[in-house]
Amino acid sequence: MSVQLGIPVLRLARNDNHASAPGARPIGLPSALLDRFGRQATDMRLSVTDKCNLRCTYCMPADGLQWLPKQAVMTAEEIQRIVGIGVERLGVRELRITGGEPLVRPDLVDIIAVLRARHPQLPISMTTNGVGLEQRAQALREAGLTRINVSLDSLHEETFTQLTRRPFLGKVLAGVEEACAAGLGPVKINAVLMRGINDLEAPGLLEWALKRCFELRFIEQMPLDAQRGWSERGMMTALEIRTLLSADFVLEPDRRSRDGAPAERFEVRRRNAGTGKASGGVLGTVGIIASVSEPFCADCRRTRITAEGKIMSCLFSREEFDLLGLLRSGAHNDELVRLWQDAMWVKPRAHGMDHAGLGSEEFVQPDRSMSAIGG
Ligand code: SAM
Ligand code: SF4
């Protein structure tokens, strides 16, 4: 049985947190992606496919999802036009390519090469599960990819296979090393910790990342899995993650500005087992993305485009706007700009988990799963 991807049509809000503005976006505002709460989106997350070759338990059901038909997914040319509008008309300053798994898209390297030629100064990064990265890292770098994030939740073959339902740990590790060798650094590693499965690996993952100068970022598990198996009890909170790490390491908040980044960064020193105090210098940094327990919505700068060209102002947004549909209807760039601005204007104040409380009836899990949005 495969789970159907429920695509929400514009739905009415259930509470003020998600409510659309009374009236449209005022005229006379600067040409940027502004919202009602004074935030400006400058960081664009673009999904190039909904397909994936892993089945991470916190993201996808074992049988996968019903993939979009090819004609529903943005073509390379459509991606170029949409990114062009974001960068040239709407103040987008950085681009993250994601999915699904971006590496399963055969024309990925060409897409990046054209993006780079058109936007020489634009930082272009990519989030990938690393399967097949070994073979493509060099080409991606030559095409103009700036940097890479690789998702890796376990260094143990068995646990990795249990979490991703695929025996590909060796491929991912080879991919990470090759990305580093190709100059796609600083490499960031994304890890989701699941209670009772890989949570105790936290210090080991950090030790591994520090030795290689990778920046490890732990991401709190969010209720964005297609099979709706998320539970508050199953997720590891940022506080628990810091506690797990502090057995071996001393973490001190990084004094550099967070600058809208989702991860709270900490400088890491080794903990002396005898004294319990920090010993030696800073070994590197670790990030914790506490979307659930310590949300950072007030500083969010992200705008998202799904693989089929829908604008989502938030991962948890229950409204989406059909940018690709408008583009395919023959619309002028000015109309696309307007739709994008209108979509961002009604960005919710927050995702609702903080507002309503976890598990509260007021928090409604969105219909789309992480892989269908582009995390
Ligand atoms: N397939 C690529 C990958 O895994 O890196 C890119 C897409 S994936 C949706 C992007 C990121 O979202 C990954 O780092 C993944 O671990 C994370 N992710 C997926 N489902 C999640 C969930 N329910 N909660 C928190 N993070 C999640
Ligand atoms: Fe695929 Fe990434 Fe989701 Fe894992 S997290 S199933 S690799 S899209």
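Below, all heavy atoms of this structure are taken into account, side chains as well, without hydrogens, waters or symmetry copies. Computed from a predicted structure; not experimentally measured.
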So, does [X] use its side chain to make a donor-acceptor pair with the main chain of [Y] at under 3.5 Å?
X: R304; Y: I373; result: no
X: N198; Y: E201; result: no
X: R136; Y: L103; result: yes
X: R271; Y: L251; result: no
X: H119; Y: Q121; result: no
X: E220; Y: S293; result: yes
X: D35; Y: G38; result: yes
X: D50; Y: L68; result: yes
X: E78; Y: L327; result: no
X: W230; Y: Q221; result: yes

Requested in this report: Run the numbers on D63 and R55 for salt bridge (charged side-chain N to carboxylate O under 4.0 Å, His left out), then give the verdict.
Outcome: CA-CA 8 Å; D63 295 331; R55 297 286 181 273; over 6 Å; no
Heavy-atom pair of closest approach, residues [X] and [Y]:
X: I305; Y: I311; result: CD1-CG1, 3.9 Å
X: F296; Y: R302; result: CE1-NH2, 3.9 Å
X: V150; Y: V172; result: CG1-CG1, 4.0 Å
X: S47; Y: T49; result: OG-O, 3.1 Å
X: A76; Y: R105; result: N-NH2, 3.4 Å
X: L210; Y: G284; result: CD2-CA, 3.8 Å

Query - Given K347, M344, Q40, M312, the one that forms side chain to side chain contact (heavy atoms under 4.5 Å, CB included) with T303 - result: M344
[Y] and [X], any side-chain heavy atoms less than 4.5 Å apart:
X: D153; Y: M194; answer: no
X: T42; Y: L33; answer: no
X: Q341; Y: S31; answer: yes
X: F160; Y: R166; answer: no
X: W208; Y: L173; answer: yes
X: T146; Y: R116; answer: yes
X: L315; Y: M222; answer: yes
X: S371; Y: C52; answer: no

**Report entry** salt bridge (charged side-chain N to carboxylate O under 4.0 Å, His left out) between R242 and E294, intermediate numbers included
**Finding:** CA-CA 13 Å; R242 291 193 293 266; E294 298 164 18; 3.1 Å; yes
To the nearest 0.5 Å, what is the distance between [atom1] on [X] and [atom2] on [Y]?
X: E177; Y: F214; atom1: CD; atom2: CZ; value: 5.0 Å
X: D248; Y: N272; atom1: CG; atom2: CG; value: 12.0 Å
X: L244; Y: L200; atom1: CG; atom2: CG; value: 6.5 Å
X: I148; Y: E178; atom1: CD1; atom2: CD; value: 11.0 Å
X: L224; Y: S291; atom1: CG; atom2: OG; value: 9.0 Å
X: I289; Y: N190; atom1: CD1; atom2: CG; value: 6.0 Å

Query raised in the report: Given V268 and V250, is the side chain to side chain contact (heavy atoms under 4.5 Å, CB included) satisfied, shown in steps?
Result: CA-CA 6 Å; V268 184; V250 174; over 6 Å; no
Query raised in the report: Judged by modelled atom types alone, do R96 and S125 share a side-chain donor-acceptor pair under 3.5 Å?
Result: yes
Query raised in the report: Is a side-chain donor-acceptor pair under 3.5 Å present for R228 with S369?
Result: no
Requested in this report: Given side chain to side chain contact (heavy atoms under 4.5 Å, CB included), test E215 with I189 step by step and report yes or no.
Outcome: CA-CA 6 Å; E215 188 178 321; I189 304 289; over 6 Å; no
Give a yes or no on whether a salt bridge exists between [X] and [Y], defined as a side-chain N under 4.0 angstrom from a carboxylate O.
X: D367; Y: R318; result: no
X: D43; Y: R45; result: yes
X: R93; Y: E88; result: no
X: E252; Y: R269; result: yes

**Report entry** Verdict with supporting geometry, N149 and R147, side chain to side chain donor-acceptor pair (under 3.5 Å)
**Finding:** CA-CA 7 Å; N149 282 31; R147 220 189 39 70; 2.9 Å; yes
When clusters are formed by joining ILVMFWY residues with side-chain heavy atoms under 4.5 Å apart, either directly or through shared neighbours, do [X] and [Y] land in the same one?
X: L216; Y: L155; result: yes
X: V83; Y: V114; result: no
X: V104; Y: L108; result: no

Requested in this report: Show your working on side chain to side chain donor-acceptor pair (under 3.5 Å) between S317 and E319 and close with a plain yes or no.
Outcome: CA-CA 5 Å; S317 191; E319 294 178 294; 5.5 Å; no
**Report entry** Derivation of the side chain to side chain donor-acceptor pair (under 3.5 Å) call for N53 and E101
**Finding:** CA-CA 7 Å; N53 43 13; E101 175 45 48; 5.9 Å; no
Query raised in the report: Hey, would you say the W340 and F321 ring centroids sit under 6.0 Å apart?
Result: no
Report task. Tell me, with the steps shown, if E267 and L283 meet side chain to side chain contact (heavy atoms under 4.5 Å, CB included). Result -> CA-CA 8 Å; E267 287 183 343; L283 302 169; over 6 Å; no
Report task. Determine, step by step, whether Q80 and R118 satisfy the side chain to side chain contact (heavy atoms under 4.5 Å, CB included) criterion, reporting the C-alpha distance in whole Å, the side-chain angles of both residues, the deciding distance to 0.1 Å, and the verdict. Result -> CA-CA 9 Å; Q80 299 302 341; R118 293 198 185 159; 3.1 Å; yes
Report task. Would you sort out whether T159 and Q162 count as a side chain to side chain donor-acceptor pair (under 3.5 Å), showing the intermediate values? Result -> CA-CA 5 Å; T159 314; Q162 181 187 359; 5.1 Å; no
